[in-house]
Amino acid sequence: MSSRARAFAAAGLAAVVSLSGCSGSESGNSAASAAPTDKVLHLSFLQDPGQPPDPDIFYAGQGLLLTTNLYEGLLQYKGGTATPELEPLLATEWTKSPDSKVFTFTLRQGVKFHDGTPFTAAAVKGSFDRRLAVNQGPAYMVTGVDSVVAQDDYHVTITLKSPNSAFLDYLASAYGPRMLSPEGLKSNAGADHAETYLTTHDLGTGPFTLAEASVGSKYTLKAFDGYWGQKPYFHTVDVPVVTDTSSQQLQFNSGQLAAVLHDLPTSAVQSYLDDPKFSHYSLPTMVSNYLYVNPRRGMLTDATRRKALLQAVDLDTLVKQTYAGRGTVASQMFPPNVIAPELGKQNVTHDPAPLTTVVAGLPADQKSIVVGYDSSMPDNQLISNLLQAELAATGLDVKVQSYPTSQIFGWIGTDAADAPDILTYTGWPDAASPYMWGHISWDADGALNYFGCSAPAITSDLARGLESADTQAFSQAAGSAADTGCWLNMADVNDFMVAQPWLRGVEQAHVVTSPQTLRLAALSVG
């Protein structure tokens, strides 16, 4: 959730496209619709974001489009690249102490919040304090802050309680601390730190403002006339909630939507690859499709049995049938582009025999399992059905069931009594530091540890890596996570997007660390 500086020279753009793995087909195609003359961009959500577009609360996937374009942080990651690279945003320069405890920032001048308040160092402290007070999922990025001290209006020093090699990644994260107007927070504080106000308004500095937020129905953004950076071409962005993939595709095919940014099912992907009327893109991400095994269920309370179940999964077949042309079989416990490819390896050899032996010795009441998937992820419905067939061949009675995102997040930190035995779920780290995936996924208190599986060695290795930036420590944490049998990284997945041929700037607007969204101010027509 951030915005940017992102102009590219023509020569540089060719290199960016090559790096991103873009398969765009913009040139020489007959358009399915004419470019709009009213400067209104029509997009869609397949599912309501489920959380308010409040940067201190929002911690999901669909909805990044809102928070990344309404709010900005001190730093960001470059757009249009295949690997993550930090760059300035509301901070123009920064330094850090050798022990990664003290960080100093020079702030951008001439920036205004959407309510007209000038951006100064006072907003940094107020924004950090507000995130702590709200204390939702992304609050962990500021809990280690000891002090935020303004040296003057445009210089601020942040001191941490302990060394943190990932702190700059926290600041650039799509879920990281965003700057909010201190005057706006004060005026609209109410009894909940302005949480109620920020369900239908925003207090950011981004290129767009929140004009409408009708939960379950529609969201509308308006270009901010006082934006400090590149002015958006589109002055309005309409984002209706279209809850059926077929309806979404029909609207796109008829020209009602300018692009579909996420969650196209496999069958649709192939149809767009074969259709010259539209542009298609397969853009690099840090996204992986994981299998989560519930250690609190029946036979799966035993780690050896969990590992036997993972061995029974034929990843080559799953990925070929689900992600052809936009994904590969994962080789690491980490998502792609997070850690060096030789580190964090997972070594699971496909062999259904161990699970077949286990199942043969089970009592009848332990031979039934449920494979769950997020109802907003059509790819995971297909994967779950394929898993059903593979696991049934070992003697298990397998049922497939969908769950809404809100229910899945509700399992975190509970006994997850209504959770399935296995969950297929597409996820990504908060930012490019290996700690940020390891912590949220494998630590006992991780914000995406749906079934509460962990081990002491995981926590100690992650903590050691966070302090020292030692990638070997993160690799060891991955090995300990693999030993639990609670996780299997099935596929590394690109963002597959389709757009009308007149929509320009898709590659530049895409950020490898922020899936399912684009920086809207980088888009135009041509």
Supply the atom-to-atom distance Ile158 CD1 to Leu171 CG, rounded to the nearest 0.5 angstrom. 6.0 Å
Does the pair Asp202 and Arg178 meet the rule for a salt bridge (Lys or Arg N to Asp or Glu O under 4.0 Å), with working shown? CA-CA 11 Å; Asp202 80 273; Arg178 307 293 89 181; over 6 Å; no
Has Tyr77 got a side-chain atom pairing as donor or acceptor with Ala432's backbone, closer than 3.5 angstrom? yes
Has the side chain of Tyr175 got a donor or acceptor atom that lies under 3.5 Å from a matching backbone atom of Ala60? yes
Just by distance, with hydrogens left out, do Thr120 and Asp153 show a side-chain donor and acceptor under 3.5 Å apart? no
Trp94 vs Phe167, test: ring-ring contact (aromatic ring centres under 6.0 Å, His included). Steps then yes/no. CA-CA 12 Å; Trp94 63 91; Phe167 187 65; over 10 Å; no
Mind checking whether Ser288 and Asp492 have side chains closer than 4.5 Å, heavy atoms only? yes
Taking Ser127 for the side chain and Leu180 for the main chain, is one N or O donor matched with an acceptor at less than 3.5 Å? yes
Could you measure the distance from the CG atom of Asp430 to the CG atom of Asp169? Nearest 0.5 Å is fine. 10.5 Å
Can you tell me how far the CG atom of Leu90 sits from the CZ atom of Phe119, to the nearest 0.5 Å? 4.5 Å
Pair Ser279-Arg504, side-chain donor/acceptor within less than 3.5 Å: no
Polar side chain donor-acceptor pair, Asn337 to Thr83, under 3.5 angstrom: no
Atom of Gly137, atom of Tyr140 and distance for their closest heavy-atom approach: O-CD2, 3.5 Å
Does the side chain of Asp263 pick up a donor-acceptor pair with the side chain of Gln47 at under 3.5 Å? no
Rounded distance [0.5 Å steps], CZ in Arg519 versus CZ in Phe208: 13.5 Å
Do Thr104 and Thr95 have a side chain donor and acceptor closer than 3.5 Å? yes
Please tell me if the side chains of Tyr59 and Ile440 come closer than 4.5 Å, counting only heavy atoms from C-beta onward. yes
Considering all heavy atoms, the nearest Gln516-Gly61 contact: OE1-C, 3.7 Å
Examine distances only and state if a side-chain atom of His439 and a backbone atom of Tyr435 form a donor-acceptor pair shorter than 3.5 Å. no
Contact check, side chains of Leu198 and Asp56, non-hydrogen atoms, under 4.5 Å: no
Asp54 vs Thr199 side-chain heavy atoms within contact, under 4.5 Å: no
Quick check against the 3.5 Å criterion: does Asp99 have a side-chain atom that pairs as donor or acceptor with the backbone of Pro163? no
Polar side chain donor-acceptor pair, Ser254 to Gln256, under 3.5 angstrom: yes
Roughly how far, to the nearest 0.5 Å, is the CG atom of Leu70 from the CD atom of Glu72? 10.0 Å
Side chains of Thr405 and Asp374 only: does a donor on one sit below 3.5 Å from an acceptor on the other? yes
How long is the straight-line distance from OG of Ser33 back to CD of Gln500, given to the nearest 0.5 Å? 3.5 Å
Using 30° and 60° as the class limits, which term best fits the ring planes of Trp502 and Phe234: parallel, tilted or perpendicular? tilted
Do Asn449 and Ser441 get their side chains close enough for a donor-acceptor pair, meaning under 3.5 Å? no
Contact between Thr117 and Lys112 at the side-chain level, heavy atoms closer than 4.5 Å - yes or no? no
Any side-chain donor near an acceptor of the partner, Tyr219 and Asp48, under 3.5 Å: yes
Identified side chain to side chain contact (heavy atoms under 4.5 Å, CB included) counterpart of Thr513 within the set Met286, Met436, Glu85: Met286
Grab the two heavy atoms, one from Ala499 and one from Leu503, that are nearest each other, plus how far apart they are. CB-CD2, 4.0 Å
Sidechain-backbone polar pair: Asn164 side chain, Ala166 backbone, donor-acceptor under 3.5 Å: yes
Fit a plane to each ring of Phe278 and Phe252, take the angle between them on a 0 to 90° scale, and name the class: parallel (under 30°), tilted (30 to 60°) or perpendicular (over 60°). tilted
With a 4.5 Å heavy-atom cut-off, do Leu261 and Leu518 have their side chains touching? yes
Just by distance, do the side chain of Gln109 and the backbone of Tyr154 share a donor-acceptor pair under 3.5 Å? no
Measuring only between side-chain heavy atoms, which start at C-beta, is Leu132 closer than 4.5 Å to Val145? no
Keeping Glu195 on the side-chain end and Val134 on the backbone end, is there a donor-acceptor pair under 3.5 Å? no
Within the side chain of Gln332, is there an N or O that forms a donor-acceptor pair under 3.5 Å with the backbone of Ala340? yes
Considering residues, nucleotides and ligands other than Asp225, do more than 12 of their heavy atoms fall under 6.0 Å from its CG? no
Using ring-ring contact (aromatic ring centres under 6.0 Å, His included) as the criterion, point out the one residue from Tyr425, Trp411, Tyr373 that pairs with Tyr403. Trp411
4.5 Å side-chain heavy-atom contact, Val260 and Leu46: no
Can a side-chain donor-acceptor contact be found between Ser162 and Glu467 if the only test is distance below 3.5 angstrom? no
Are the side chain of Thr200 and the backbone of Ala213 linked by a donor-acceptor contact shorter than 3.5 Å? no
